[in-house]
Student: 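For reference, the structure I am asking about is given below.
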Amino acid sequence: MSSVHINTIFFDAAGTLFTVNGSVGAIYARIARAHGKEVTSGDLEAGFRRAFGAAPPMAFPGASSEDIQLLEKQWWRNLVREVFAPLGPFPAFDAYFEALFAFFARAEAWRLYPDTLTALRRLKAQGMMLGVISNFDSRLFGLLNGLGLAQFFAPVVISTQAGAAKPERGIFAHALARAGTPAEEAMHVGDSYEADVVGARQAGIMPVFIDRHGKRPAADGYVTVGNLLDVLALVE
């Protein structure tokens with residue numbers, strides 16, 4: 001149990017509250033096939049991980065609100081182009097990308113983890129303020145609504161609007177300011193050690209690492225949970 005009184009809990013989004021409904025590689029391959037490009041899901045899965053890991057932060061400091069969605073889409077276009085770069089010509093790439101981008105804006109492209117709704121309802125019933133801090137793009141707002149999660153969260157802070165991406169301190173500071181919460185009274189739950197644990201700690205927020213598959217041994221004194229229901233014990 002935390003030695004300070006936590007009244008605000010921030011969550012990462014994808015990988016913490018919900019996940020892709022299927023595999024990224026299989027979805028990329030299925031939509032590519034519909035656009036005349038035969039590629040294996042394994043090649044696309046590996047390509048996505050490579051391209052995503054090498055991509056710049058999805059943050060556009062100083063960009064106007066009118067430009068942000070255009071910049072987000074271009075960021076993803078560049079990433080998907082990198083995924084396909086080693087796989088030969090793709091004449092219908094532009095139409096493919098439009099279909100892919102639209103697909104992942106739909107709630108059915110994603111699925112909630114089985115513990116998500118129960119944990120959020122119970123935390124809300126305890127009087128917790130709940131928010132989201134995510135390196136997702138503007139599609140997140142529609143997804144939270146479509147997945148039945150929007151009702152739980154205020155604020156929802158995304159990197160493209162904050163002008164800083166996790167693990168940068170700026171996005172956490174932006175969320176704290178929006179919530180009106182001191183850092184020492186906040187917790188952040190996420191599935192990325194670098195983005196969520198390191199980022200939250202640097203901002204003075206209590207980090208909680210969610211490790212649904214038991215892949216990372218706890219270290220550095222941070223709290224590890226196996227699912228979101230385990231978070232309840234930290235604040236009860």
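These figures come from a predicted structure and were not determined experimentally. Because only heavy atoms are used, hydrogens play no part in the values below, and waters and symmetry mates are left out as well, while side chains stay in. Start at 1 with the first residue, then count along the sequence.
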Student: Donor-acceptor pairs under 3.5 angstrom involving side-chain atoms of residues 18-34: please list them, not counting sequence neighbours.
Tutor:
unit_1, atom_1, unit_2, atom_2, d
Asn21, ND2, Glu108, O, 3.2
Ser23, OG, Ala26, N, 3.0
Arg33, NE, Glu38, OE1, 3.4

Student: Is there a side-chain contact between Phe11 and Leu130, using heavy atoms and a 4.5 Å cut-off?
Tutor: yes
Student: If hydrophobic residues (ILVMFWY) are linked whenever their side-chain heavy atoms come closer than 4.5 Å, directly or via other members, who joins Ile171 in its cluster?
Tutor: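 Besides Ile171, the hydrophobic cluster comprises Phe10, Ile133, Val157, Phe172, Leu176, Ile205, listed by chain and residue number.
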Student: Can you list every side-chain hydrogen bond (donor to acceptor under 3.5 Å, both in side chains) pair that touches residues 47-58, not counting sequence neighbours?
Tutor: Glu45-Arg49
Student: So, do Leu120 and Phe153 sit near enough that their side-chain heavy atoms are less than 4.5 Å apart?
Tutor: yes
Student: A side-chain contact here means heavy atoms from C-beta on lying under 4.5 Å apart; do Leu229 and Arg122 qualify?
Tutor: yes
Student: For Asp94, is there an ion pair with Arg77 - N to carboxylate O distance below 4.0 angstrom?
Tutor: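 Salt bridge flag = yes for Asp94 with Arg77.
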Student: Are Trp75 and Leu143 connected into the same hydrophobic cluster when the rule is that any two of I, L, V, M, F, W, Y join if their side-chain heavy atoms are below 4.5 Å apart?
Tutor: yes
Student: Find out if a path of hydrophobic residues (ILVMFWY) with successive side-chain heavy-atom gaps under 4.5 Å connects Leu70 to Leu100.
Tutor: no
Student: Kindly write out the residues that satisfy side-chain hydrogen bond (donor to acceptor under 3.5 Å, both in side chains) with Gln74, not counting sequence neighbours, or none if the list is empty.
Tutor: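 side-chain hydrogen bond (donor to acceptor under 3.5 Å, both in side chains) list for Gln74, sorted by chain: Asn78.
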Student: If Ile, Leu, Val, Met, Phe, Trp and Tyr residues are connected whenever their side-chain heavy atoms lie under 4.5 Å apart, and connections chain through other members, are Ile68 and Phe141 in the same group?
Tutor: no
Student: Using side-chain hydrogen bond (donor to acceptor under 3.5 Å, both in side chains) as the criterion, list what pairs up with Asn135, not counting sequence neighbours.
Tutor: none
Student: Is there a side-chain contact between His188 and Lys166, using heavy atoms and a 4.5 Å cut-off?
Tutor: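 In contact.
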Student: Would you call Phe152 and Leu144 a side-chain contact if the rule is heavy atoms closer than 4.5 Å?
Tutor: no
Student: Specify whether Tyr96 and Phe93 have parallel, tilted or perpendicular ring planes, treating 30° as the upper limit for parallel and 60° as the lower limit for perpendicular.
Tutor: tilted
Student: Under the side-chain hydrogen bond (donor to acceptor under 3.5 Å, both in side chains) definition, can you give me all pairs with a residue in residues 147-161, not counting sequence neighbours?
Tutor: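 Applying side-chain hydrogen bond (donor to acceptor under 3.5 Å, both in side chains) to every pair that reaches into residues 147-161, excluding sequence neighbours, yields Glu72-Thr160.
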Student: Heavy atoms, side chains only, cut-off 4.5 Å: are Leu228 and Leu17 in contact?
Tutor: yes
Student: Taking the six-membered ring of Tyr113 as reference, does the NZ or CZ atom of Arg212 fall below 6.0 Å from its centre and within a 45° cone about the axis?
Tutor: yes
Student: Below 30° counts as parallel, above 60° as perpendicular, anything between as tilted: where do the rings of Phe97 and Phe101 land?
Tutor: tilted
